[in-house]
Asks: 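Take this structure, written in structure tokens, and hold onto it; I'll ask about it next.
Counting starts at 1 for both ligands and their atoms, following the listed order.
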Amino acid sequence: MTFLFPNYQRKPIELVSGKGCMVTDQSGKQYLDLTSGIGVSSLGHQHPVLTTALKQQVDKIWHTSNLYTNSLQEAVAEKLANHKDYVAFFCNSGTEANEAALKLAKKATGRNKILSFQQSFHGRTYGAMSLTGQSSIQQGFGEMLGEVAYFPFNDIEEIAENLNQEVAAVIVELIQGESGIHVAYKGWIKELYKLCKKQGILFIVDEVQTGIGRTGSLFAYEQYDIEPDIITSAKALANGLPLGAMLGKQSLAQAFSPGSHGSTFGGNPLALSVACQVLDLVQTPEIQENIQQRSSQFFNGLQQIASKKIIDIRGKGLMIGIELTDSLVLTQVMNQLENHGVLTLKAGTNVLRLLPPLTISQAEVAKALEIIEEVLAG
Ligand SMILES: *Cc1c(COP(=O)(O)O)cnc(C)c1O
């Protein structure tokens with residue numbers, strides 16, 4: 001008997017504690033965590049700085065509503081802007097950040113059409129689900145927003161013909177996460193961005209999974225020589241506390257006046273007290289270097305694994321996809337890794353996805369590679 005909806009396929013293990021990159025289940029078995037939740041606990045479990053920040057805030061105030069000045073929101077917004085002219089709106093999740101982006105894009109441009117990509121993922125609420133270019137996610141839920149159209153990823157021709165002055169925005173993931181770690185080509189993004197600028201089309205980058213250090217920079221867009229009009233963030237932003245953010249260029253700020261948008265819980269002090277520290281930590285040279293070094297260690301190590309089960313290895317930073325021959329092989333590999341004490345994720349139908357904490361050590365990556373090689377040899 002369960003009192004829960006069966007909308008998640010849950011494993012019988014329950015993770016009851018964690019420290020750094022290790023988590024422990026109810027039977028006391030330990031696992032190396034190559035998931036960070038799903039790219040959420042990116043600074044590992046029980047990070048002492050984050051735990052202290054949260055405990056201090058717990059003893060001050062938990063909730064204030066957005067009817068009052070909020071200096072924590074100001075501080076986190078400034079860190080997210082990262083010396084550029086962005087202003088922030090805070091919410092509680094990735095899907096909500098994309099809802100805010102959708103509303104802002106329409107309000108700011110007075111246009112209605114939104115262009116998105118095939119195999120994209122932007123969330124589960126109606127607007128964000130409509131932006132998601134996967135029929136399997138939309139199936140059974142009636143009509144989606146009619147003004148959204150989906151184009152082939154990494155292909156300029158088809159979308160270029162549809163960039164006109166009816167289009168409010170284009171929304172894109174720089175690495176499609178959920179559908180299989182597909183990296184956007186830099187040349188494609190730069191061309192698309194340039195064409196959008198010409199037509200006054202807002203360029204929205206969904207950095208819910210790629211942001212907060214995951215790909216080696218605070219946001220992945222920094223590696224593409226562009227400055228998006230709108231950026232959405234969530235997942236790792238508060239290392240596990242619910243927090244989402246939409247950043248928009250200062251020039252769009254006036255499109256949201258009092259009453260245009262809001263959230264009861266959005267930008268609450270508990271999550272923000274942690275986010276404030278997260279943003280400082282991911283920018284430290286220690287973490288930045290660790291991401292580069294552990295990323296090279298992972299990609300070099302994976303490339304040396306000679307297994308007929310590997311079709312392709314993709315990604316950036318510590319967002320890694322290993323495409324396997326088929327979904328059955330993926331399931332077997334993931335189960336065996338779990339038996340050997342390594343937790344991993346799935347992306348698409350046949351991609352083994354690794355989103356380890358950005359704090360993972362050299363010895364832990366070496367251990368992970370050893371076990372992955374052993375399992376893939378089996
Ligand atoms: C996870 C994810 C979302 C949805 O975030 P939620 O917090 O689950 O609503 C949106 N976009 C991308 C790219 C994601 O990876």
Asks: Suppose clustering is done on Ile, Leu, Val, Met, Phe, Trp and Tyr with side-chain heavy atoms closer than 4.5 Å. Which residues sit in the same group as M144?
Replies: F121, Y126, M129, I137, F141

Asks: Quick check with a 6.0 Å cut-off and a 45 degree axis cone: is K249 positioned over the face of Y86's six-membered ring?
Replies: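 Geometry flag: set, cation within 6.0 Å and 45°.
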
Asks: Using the salt bridge (Lys or Arg N to Asp or Glu O under 4.0 Å) rule, collect all pairs that involve residues 331-348, keeping only residues at least two apart or in two chains.
Replies: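 Qualifying pairs, neighbours excluded: K11-E338.
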
Asks: Considering the options Y150, W188, F151, which one meets the ring pair (Phe, Tyr, Trp, His ring centres under 6.0 Å) requirement together with F117?
Replies: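 Considering Y150, W188, F151, a ring pair (Phe, Tyr, Trp, His ring centres under 6.0 Å) with F117 is found only for W188.
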
Asks: Could you work out the complete set of other residues in the hydrophobic cluster of I13, with links drawn between I, L, V, M, F, W and Y side chains under 4.5 Å apart?
Replies: L15, V23, Y31, L343

Asks: Salt bridge check: are K19 and D33 linked by an N-O gap of less than 4.0 Å?
Replies: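 No salt bridge links K19 with D33.
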
Asks: Anything under 3.5 Å between an N or O on ligand 1 and a protein N or O? List each pair with its distance, or write none.
Replies:
from, atom 1, to, atom 2, distance (Å)
ligand 1, 7 (O), G94, N, 2.8
ligand 1, 9 (O), G94, N, 3.4
ligand 1, 9 (O), T95, N, 2.8
ligand 1, 11 (N), F121, O, 3.3
ligand 1, 11 (N), D206, OD1, 3.4
ligand 1, 11 (N), D206, OD2, 2.8
ligand 1, 15 (O), Q209, NE2, 2.7
ligand 1, 15 (O), K235, NZ, 2.6

